[in-house]
Trainee: 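Before anything else, here's the structure in question.
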Protein chains: 2
Amino acid sequence: MTENVVQRLRDQIENGIISNDFAPGERLDEVQLATRFGVSRTPVREALMQLNAIGLVEIRPRRGAIVIDPGPHRIFEMFEVMAEIEGMAGSLAARRLTETDRAAILSAHADCERSSSAGDSDAYYYDNERFHRAIYTASHNEFLTEQCIALHRRLQPYRRLQLRVRNRVATSFSEHGSIVEALLAGDAERARTLLRQHVSIQGERFSDLVATMSHR
Amino acid sequence: MTENVVQRLRDQIENGIISNDFAPGERLDEVQLATRFGVSRTPVREALMQLNAIGLVEIRPRRGAIVIDPGPHRIFEMFEVMAEIEGMAGSLAARRLTETDRAAILSAHADCERSSSAGDSDAYYYDNERFHRAIYTASHNEFLTEQCIALHRRLQPYRRLQLRVRNRVATSFSEHGSIVEALLAGDAERARTLLRQHVSIQGERFSDLVATMSHR
DNA sequence: GTAAATATTCTTGCATACAAGAAATCAATT
DNA sequence: AATTGATTTCTTGTATGCAAGAATATTTAC
């Protein structure tokens, strides 16, 4: 047991929430989780409080923890913020791109091309994440990078739903193309605008998301 | 004990860190804190883990918690992000401003005028916070508002130092004036730019901050 | 039969206990 | 005297225990 139990629990419960094993609104019983993971209540409690601090669960005094259900409106708000800070990362990346950054972005982009043309939306999901992370890194703002990764992670389940929408993978990849161009050209404002549009879920994209959310 | 102990501890320790009672790098001993606040170790531990999740303390396995020392570079990064999301809030506020929002912003602005012309930098600090929060609220994006408040809070000690710099209060207030104009005019892009500039600490402002930080 | 009041059970919140790892002290050897 | 090794002390990490509030079941009155 090289890593401590609380961290492990936190990750496991977090993954459970993200992968929808624990549904939104579901109550997370301390003893139940404790026996399930073969530990005592104490580390479970500590893990739950951490998830509470992150915003994944809500702890009501004396009434236990429940998985937060963001609801369409809040999800829209989160995407709105995500679009903006991704745009910021793109803008900074365009100005601060190093040779290493350039290589990482192009490599991820090439992988996206493969999984996209193969029509493998699960693989694309993974490669897409690498692509975006490469841009965060290229912003050379570690704090921003951490924020982006955290938000990206929280929106993960909804992004995944989005990719299932017809033609979304192909559209996404073609948008990546323009983004890469802007980044390599050092065009900060264009990179910002393109990334913002790429991430934001306006109009019918939002309707699609809500529709997909309801029947899962 | 109407409110739970952990929340209270979290706030107290957080305030201790922000007000520099607990210096960066300082080790936070569990039993020491427990006896000091008259509770057992368990809630102290839980509070520390929450602060860890927020990013205010670092918990090294088996070696206790220490107050994180961000260092000038990281602080710069945080201000860079803060500038951007405040700009975003301003942009949204300009487009979505309601009558209530308008009243709240103007009221805070008027208070800023009073404390500014009185030369009371502590009062200005408080009124300034109200002004900025009014803008967050006017963005009508609750998630963004929460993010802004959290970041604002983490940067609080450094903002405070900034206001001590000669003429900074007067400069800040005059910038508020232009921001209010842009908001009332519904000029989203101008509001964004002005707020971004208002918050960001470029060039000599950053040098001033670092200089003030070192000898406190 | 239904609703309110009471009793019982369950669950959380905090305290305490115990084990194991890290730091500190002390001793021994060079 | 200094450095390394062993021992002791101290601190953290996890488990368990106990009390108080919430949920639930049961009973009683209408």
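All chains are named by letter (A, B, ...) in the order of the sequence lines, taking the proteins before the strands, and each is independently numbered beginning at 1.
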Trainee: Out of C/dC14, D/dA15, D/dT12, which nucleotide sits closest to the side chain of B/E30?
Mentor: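 Comparing C/dC14, D/dA15, D/dT12 against the side chain of B/E30, the answer is D/dT12.
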Trainee: Checking contacts here: which listed nucleotide (C/dT12, D/dT11, D/dT14) is nearest the side-chain heavy atoms of B/R27?
Mentor: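 The answer is D/dT11, which lies nearest to the side chain.
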Trainee: Check whether any side-chain heavy atom of A/M88 sits under 4.5 Å from a side-chain heavy atom of A/Q147, and report yes or no.
Mentor: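 They are not in contact (no side-chain heavy atoms under 4.5 Å apart), so the answer is no.
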Trainee: I'd like to know if the side chain of B/S121 pairs up with that of B/R168 as donor and acceptor (distance under 3.5 Å, no hydrogens or angles considered).
Mentor: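 Side-chain D/A pair, B/S121 to B/R168: absent.
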Trainee: Nearest-Å distance, CE (A/M49) to P (C/dT12)?
Mentor: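 Atom-to-atom, A/M49 to C/dT12, this comes out as 12 Å.
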Trainee: Could you give the CD1-to-P distance, from A/I59 to C/dT11, as a whole number of Å?
Mentor: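 Spelled out: CD1 on A/I59 to P on C/dT11 is 17 Å.
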Trainee: C/dT11, D/dG13, D/dT14: which one has an atom nearest the side-chain heavy atoms of A/D29?
Mentor: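 Nearest to the side chain of A/D29 among the choices is C/dT11.
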Trainee: Could you check whether B/Y136 and B/E146, counting side-chain N and O atoms only, form a donor-acceptor pair closer than 3.5 Å?
Mentor: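 Note: B/E146 and B/Y136 side chains miss the donor-acceptor criterion.
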Trainee: Looking at D/dA15, C/dC14, C/dG21, which one has an atom nearest to any side-chain atom of B/R62?
Mentor: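 Given the options D/dA15, C/dC14, C/dG21, the side chain of B/R62 is closest to C/dG21.
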Trainee: Tell me the interatomic distance from A/N52, atom CG, to C/dG13, atom C1', rounded to whole angstroms.
Mentor: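 Atom CG in A/N52 sits about 15 Å away from atom C1' in C/dG13.
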Trainee: Quick one: B/Q7 CD to C/dG13 P, roughly how many Å, whole number?
Mentor: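 Rounded to whole Å, this separation is 10 Å.
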Trainee: Using whole Å, what does the distance between atom P of nucleotide C/dG13 and atom CZ of B/R8 come to?
Mentor: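 To the nearest whole Å, that distance equals 15 Å.
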Trainee: May I have the distance from A/I66 (atom CD1) to D/dA23 (atom P), rounded to whole angstrom?
Mentor: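 Atom CD1 in A/I66 sits about 12 Å away from atom P in D/dA23.
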Trainee: Could you give the distance from CZ (A/R74) to CZ (A/F79), rounded to the nearest 0.5 Å?
Mentor: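 So the CZ of A/R74 and the CZ of A/F79 are separated by 13.5 Å.
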Trainee: Starting the side chain at C-beta, find the nucleotide from D/dA23, C/dT12, C/dC18 nearest to A/R63.
Mentor: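 Of D/dA23, C/dT12, C/dC18, D/dA23 is nearest to the side chain of A/R63.
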Trainee: So, is B/S40 close to the C/dA15 phosphate, meaning a side-chain N or O under 4.0 Å from OP1 or OP2?
Mentor: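 It does, given that an N or O in the side chain of B/S40 lies less than 4.0 Å from OP1 or OP2 of C/dA15.
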Trainee: Roughly, in whole Å, what's the span from CZ in A/R41 to P in C/dC10?
Mentor: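 That distance rounds to 15 Å.
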Trainee: For the pair made of CZ in B/R60 and C1' in D/dT12, what is the distance, rounded to whole Å?
Mentor: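 Checked: the CZ to C1' distance equals 12 Å.
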Trainee: Please determine whether the number of non-hydrogen atoms from other residues, nucleotides or ligands lying under 6.0 Å from atom CZ of B/R60 exceeds 12.
Mentor: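 More than 12 heavy atoms, drawn from other residues, nucleotides or ligands, come within 6.0 Å of this atom.
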